[in-house]
There are 2 protein chains.
Amino acid sequence: MKEIEKKLNDNGVRPTAMRILIYKYLAEKDVATSLTDIEMAFAKADRTTLFRTLKTFEKQGVVHQIDDGTGVQKYALCEPGCNCELEQDLHLHFHCNNCDETVCLTEHKIPHINLPEGFVAEDANLVLKGICDKCSGQ
Amino acid sequence: MKEIEKKLNDNGVRPTAMRILIYKYLAEKDVATSLTDIEMAFAKADRTTLFRTLKTFEKQGVVHQIDDGTGVQKYALCEPGCNCELEQDLHLHFHCNNCDETVCLTEHKIPHINLPEGFVAEDANLVLKGICDKCSGQ
DNA sequence: CTGACCTATGCAACGGAAGTGCATTTATTG
DNA sequence: CAATAAATGCACTTCCGTTGCATAGGTCAG
Ligand SMILES: [Mn+2]
Ligand SMILES: [Mn+2]
Ligand SMILES: [Zn+2]
Ligand SMILES: [Zn+2]
């Protein structure tokens, strides 16, 4: 518990009760999480607070946002080494068409792409879709 | 004009007046187009008709949908050789942070990625973001 | 301790975009 | 021409992200 408080403090986020709970919730999940997911897990908390908590976490580099193509924004905790605030940690994401979950594949970086003359890339998003390990296993 | 009618017919889309206009509009643009874009270009047409036209085009392989991370669905005509209906034509897309336009880089295919054991990829989406050729040119 | 102050939270409402149900018009075909 | 099918138009809904403003709660100077 104290580690979470420290982690948040280190990232310039005041460790309120709610924020610690949300952090804990995200830490226990191994899949990307939407605002609605959190809303259902903390039914008595206000949606706006949860929304703003995620935005604060994002700005302070506690979580990174994931666009998996479902049209719903998702979030996941940043890895210890990751420095999203400065430059994107360009790992890829996998969305399962079966269980509908999205996971970070933090070990798999997005390969460098040679662009035509005049194009300058600053950021990249790569999402693979298919069947995840849990769903293909059985 | 007759070519458009033929093209639509070949793809199993009845060439109504509206559909031909929309096709022409898409053909004249070299950037991905949203429903709202089309709505503004054809102010007197109903949004639902435009929406369903795009969906019909998509299903019949006339256009492909593009998710560029802006949260707005975009569409672009498929290349002559492309066969989106069967399998995705996995070219990448570039979104300009300056002019806010998204373009198809049809020559640039998404590289193959080695996934961890158990993951089976069926589809992929790669979007690069930065400054496009038109915006970096000056 | 106390008041001033800043931040976090809660409540309400807004806006954009995707999508659906149903009535009506337009095209097709026997 | 009549019967049928397809396309269009209108109204309405839902979902999600977002903002404005009022209140509660924690922090700190005096
Ligand atoms: Mn991730
Ligand atoms: Mn494209
Ligand atoms: Zn799965
Ligand atoms: Zn540009």
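Treat the numbers as computed from the prediction; the structure is a model and nothing was measured.
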C:dT7 P sits how many Å from A:Leu8 CG, rounded?
17 Å
I need the OH-P distance between A:Tyr75 and D:dC16, as an integer number of Å.
13 Å
Kindly give the atom pairs (protein nitrogen or oxygen, nucleotide nitrogen or oxygen) under 3.5 Å for nucleotides 8-11 of chain C.
| from | atom 1 | to | atom 2 | distance (Å) |
| --- | --- | --- | --- | --- |
| C:dA8 | OP1 | A:Arg19 | NH1 | 2.9 |
| C:dA8 | OP1 | A:Arg19 | NH2 | 3.3 |
| C:dA8 | O5' | A:Arg19 | NH2 | 3.4 |
| C:dT9 | OP1 | A:Thr16 | OG1 | 2.9 |
| C:dG10 | OP2 | A:Thr49 | OG1 | 3.0 |
| C:dG10 | O6 | A:Arg52 | NH2 | 2.6 |
| C:dC11 | N4 | A:Thr48 | OG1 | 3.1 |

By a strict heavy-atom criterion of less than 4.0 Å, which residues belonging to residues 93-103 of chain B are in contact with DNA chain D?
none
Using whole Å, report how far CZ of B:Phe42 lies from C1' of D:dA7.
16 Å
A:Glu39: what forms a salt bridge (Lys or Arg N to Asp or Glu O under 4.0 Å) with it, not counting sequence neighbours?
A:Arg47
Not counting sequence neighbours, which residues clear side-chain hydrogen bond (donor to acceptor under 3.5 Å, both in side chains) with A:Lys29? List them please.
none
A:Arg47 atom CZ is separated from D:dG17 atom P, nearest whole Å, by 8 Å
Check the hydrophobic clustering (I, L, V, M, F, W, Y; side-chain heavy atoms under 4.5 Å; chains of links allowed) and say if A:Val72 and B:Val72 are grouped together.
no
Group every Ile, Leu, Val, Met, Phe, Trp and Tyr by side-chain heavy-atom contacts under 4.5 Å, then state whether B:Val31 and B:Val127 land in the same group.
no
Atom CG of B:Leu54 and atom P of C:dA17 are separated, to the nearest Å, by 14 Å
Heavy-atom check, side chain of A:Arg19 versus side chain of A:Thr56, under 4.5 Å:
yes
List, one per line, each side-chain donor-acceptor pair under 3.5 Å for residues 112-119 of chain A, sequence neighbours excluded.
none

One pair to check against salt bridge (Lys or Arg N to Asp or Glu O under 4.0 Å): A:Asp30 and A:Lys134. What are the steps and the verdict?
CA-CA 12 Å; A:Asp30 59 339; A:Lys134 282 173 194 147; 3.0 Å; yes
C:dG16 P sits how many Å from B:Phe51 CZ, rounded?
18 Å
Rounded off to whole Å, could you give me the CG-to-P distance for the A:Leu50 and D:dT18 pair?
14 Å
Grab the two heavy atoms, one from A:Ile20 and one from A:Pro15, that are nearest each other, plus how far apart they are.
CD1-O, 3.7 Å
Can you sort out the partners of A:Tyr75 under side-chain hydrogen bond (donor to acceptor under 3.5 Å, both in side chains), two or more places apart, ordered by chain and number?
A:Lys55, A:Gln73
When the distance from NZ of B:Lys55 to P of D:dT8 is rounded to whole Å, what number comes out?
16 Å
